[in-house]
Asks: 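Submitted below is the structure of interest, expressed as C-alpha coordinates.
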Amino acid sequence: MGPVKSLWAMVQGDPVFMRRVNGWLAILWILMIPISLMMGWLDSVVYVSALSLWALVSGHWSAWQAARVEVAQMEDAKKRDKEDIVAEVVAALLARTDLEPAGSPVKERGGSSAAAAN
(Lines give C-alpha, C1' and ligand atoms only; values in the text may rest on other atoms or scores of the structure.)
Protein backbone atom coordinates (compact mmCIF):
# COMPACT_ATOMS: atom_id res chain seq x y z
CA MET A 1 0.00 0.00 0.00
CA GLY A 2 3.03 2.30 0.47
CA PRO A 3 3.80 2.79 -3.27
CA VAL A 4 0.14 3.52 -4.02
CA LYS A 5 0.02 6.21 -1.32
CA SER A 6 3.26 7.81 -2.52
CA LEU A 7 2.00 7.80 -6.13
CA TRP A 8 -1.30 9.36 -4.98
CA ALA A 9 0.58 12.03 -3.00
CA MET A 10 2.78 12.82 -6.00
CA VAL A 11 -0.25 13.14 -8.29
CA GLN A 12 -2.09 15.33 -5.77
CA GLY A 13 0.91 17.63 -5.40
CA ASP A 14 1.29 18.29 -9.14
CA PRO A 15 -1.22 20.96 -10.20
CA VAL A 16 -0.24 20.76 -13.89
CA PHE A 17 -0.95 17.02 -13.98
CA MET A 18 -4.24 17.46 -12.14
CA ARG A 19 -5.30 20.24 -14.54
CA ARG A 20 -4.56 18.00 -17.54
CA VAL A 21 -6.38 15.01 -16.08
CA ASN A 22 -9.44 17.09 -15.21
CA GLY A 23 -9.41 18.71 -18.66
CA TRP A 24 -9.36 15.35 -20.42
CA LEU A 25 -12.07 13.98 -18.12
CA ALA A 26 -14.25 17.00 -18.92
CA ILE A 27 -13.78 16.38 -22.65
CA LEU A 28 -14.57 12.69 -22.18
CA TRP A 29 -17.82 13.44 -20.35
CA ILE A 30 -18.84 16.02 -22.97
CA LEU A 31 -18.31 13.37 -25.65
CA MET A 32 -20.34 10.90 -23.60
CA ILE A 33 -23.49 13.06 -23.81
CA PRO A 34 -24.36 12.30 -27.46
CA ILE A 35 -23.15 8.70 -27.12
CA SER A 36 -25.44 8.21 -24.12
CA LEU A 37 -28.37 9.68 -26.04
CA MET A 38 -27.76 7.54 -29.17
CA MET A 39 -27.26 4.32 -27.21
CA GLY A 40 -30.36 4.90 -25.07
CA TRP A 41 -28.37 4.65 -21.84
CA LEU A 42 -30.26 7.56 -20.31
CA ASP A 43 -33.28 5.29 -19.97
CA SER A 44 -31.23 3.01 -17.70
CA VAL A 45 -31.65 3.67 -13.98
CA VAL A 46 -28.25 2.07 -13.31
CA TYR A 47 -26.49 4.38 -15.80
CA VAL A 48 -28.18 7.52 -14.46
CA SER A 49 -27.41 6.41 -10.88
CA ALA A 50 -23.75 5.88 -11.79
CA LEU A 51 -23.62 9.36 -13.37
CA SER A 52 -25.21 10.86 -10.26
CA LEU A 53 -22.69 9.14 -8.00
CA TRP A 54 -19.81 10.31 -10.20
CA ALA A 55 -21.15 13.88 -10.12
CA LEU A 56 -21.42 13.72 -6.34
CA VAL A 57 -17.90 12.35 -5.87
CA SER A 58 -16.26 14.71 -8.36
CA GLY A 59 -18.07 17.72 -6.87
CA HIS A 60 -16.86 16.93 -3.38
CA TRP A 61 -13.35 16.21 -4.66
CA SER A 62 -13.27 19.59 -6.41
CA ALA A 63 -14.46 21.38 -3.27
CA TRP A 64 -11.83 19.56 -1.21
CA GLN A 65 -9.08 20.57 -3.66
CA ALA A 66 -10.26 24.19 -3.58
CA ALA A 67 -10.26 24.17 0.22
CA ARG A 68 -6.68 22.82 0.22
CA VAL A 69 -5.62 25.70 -2.04
CA GLU A 70 -7.34 28.25 0.18
CA VAL A 71 -5.59 26.87 3.27
CA ALA A 72 -2.22 27.09 1.53
CA GLN A 73 -2.97 30.66 0.42
CA MET A 74 -3.94 31.65 3.97
CA GLU A 75 -0.72 30.17 5.35
CA ASP A 76 1.32 32.07 2.74
CA ALA A 77 -0.51 35.30 3.57
CA LYS A 78 0.16 34.85 7.29
CA LYS A 79 3.83 34.18 6.55
CA ARG A 80 4.06 37.33 4.38
CA ASP A 81 2.36 39.41 7.10
CA LYS A 82 5.01 38.33 9.61
CA GLU A 83 7.86 39.23 7.27
CA ASP A 84 8.96 42.84 6.88
CA ILE A 85 10.78 42.67 3.57
CA VAL A 86 11.11 46.45 3.19
CA ALA A 87 12.88 46.77 6.54
CA GLU A 88 15.19 43.88 5.66
CA VAL A 89 16.13 45.53 2.33
CA VAL A 90 16.77 48.89 4.02
CA ALA A 91 18.91 47.26 6.71
CA ALA A 92 20.92 45.43 4.04
CA LEU A 93 21.43 48.66 2.07
CA LEU A 94 22.55 50.55 5.17
CA ALA A 95 24.96 47.76 6.09
CA ARG A 96 26.54 47.60 2.63
CA THR A 97 26.69 51.30 1.76
CA ASP A 98 27.48 54.61 3.42
CA LEU A 99 23.84 55.73 3.21
CA GLU A 100 22.23 57.19 6.29
CA PRO A 101 18.66 56.60 7.39
CA ALA A 102 16.19 59.42 6.67
CA GLY A 103 16.12 62.07 9.39
CA SER A 104 19.76 61.71 10.38
CA PRO A 105 22.04 64.75 9.99
CA VAL A 106 23.77 64.99 6.62
CA LYS A 107 27.53 64.51 6.75
CA GLU A 108 29.70 65.78 3.94
CA ARG A 109 32.94 64.16 3.11
CA GLY A 110 35.68 66.24 4.61
CA GLY A 111 33.27 68.73 6.22
CA SER A 112 31.02 68.98 9.20
CA SER A 113 27.26 68.42 9.40
CA ALA A 114 26.77 72.08 10.41
CA ALA A 115 28.35 73.26 7.15
CA ALA A 116 25.99 71.04 5.18
CA ALA A 117 22.95 72.60 6.81
CA ASN A 118 23.86 76.11 5.56
Asks: Please name the pair of heavy atoms, one in Ser58 and one in Ala55, separated by the smallest distance, quoted to 0.1 Å.
Replies: OG-O, 3.3 Å
Asks: Quick one: pull up CH2 in Trp61 and CG in Leu56 and give me the separation to the nearest 0.5 Å.
Replies: 14.0 Å
Asks: Can you get from Leu93 to Ile85 by hopping between Ile, Leu, Val, Met, Phe, Trp and Tyr side chains that sit under 4.5 Å apart?
Replies: yes
Asks: About how many Å separate CZ of Arg80 and CD of Gln73, when rounded to the nearest 0.5 Å?
Replies: 9.0 Å
Asks: In terms of hydrophobic clusters joined by side-chain contacts under 4.5 Å, are Leu25 and Leu53 together?
Replies: no
Asks: Shared ILVMFWY cluster between Met74 and Val69, side chains joined below 4.5 angstrom?
Replies: no
Asks: How many angstroms lie between CG in Leu28 and CD1 in Ile35, if you round to the nearest 0.5 Å?
Replies: 8.0 Å
Asks: Is the cationic atom of Arg68 (NZ for Lys, CZ for Arg) positioned less than 6.0 Å from the six-membered ring centroid of Trp64 and within 45 degrees of its normal?
Replies: yes
Asks: Are there more than 12 heavy atoms of other residues, nucleotides or ligands under 6.0 Å from atom CE of Met32?
Replies: yes
Asks: Hey, could you give me the NZ/NZ distance between Lys82 and Lys78, rounded to the nearest 0.5 Å?
Replies: 8.0 Å
Asks: How many angstroms lie between CG in Leu37 and CG in Asp43, if you round to the nearest 0.5 Å?
Replies: 9.5 Å
Asks: Roughly how far, to the nearest 0.5 Å, is CE of Met39 from OH of Tyr47?
Replies: 10.0 Å
Asks: Using every non-hydrogen atom in the two residues, find where Val48 and Leu42 come nearest and quote the distance to one decimal.
Replies: CG2-O, 3.5 Å
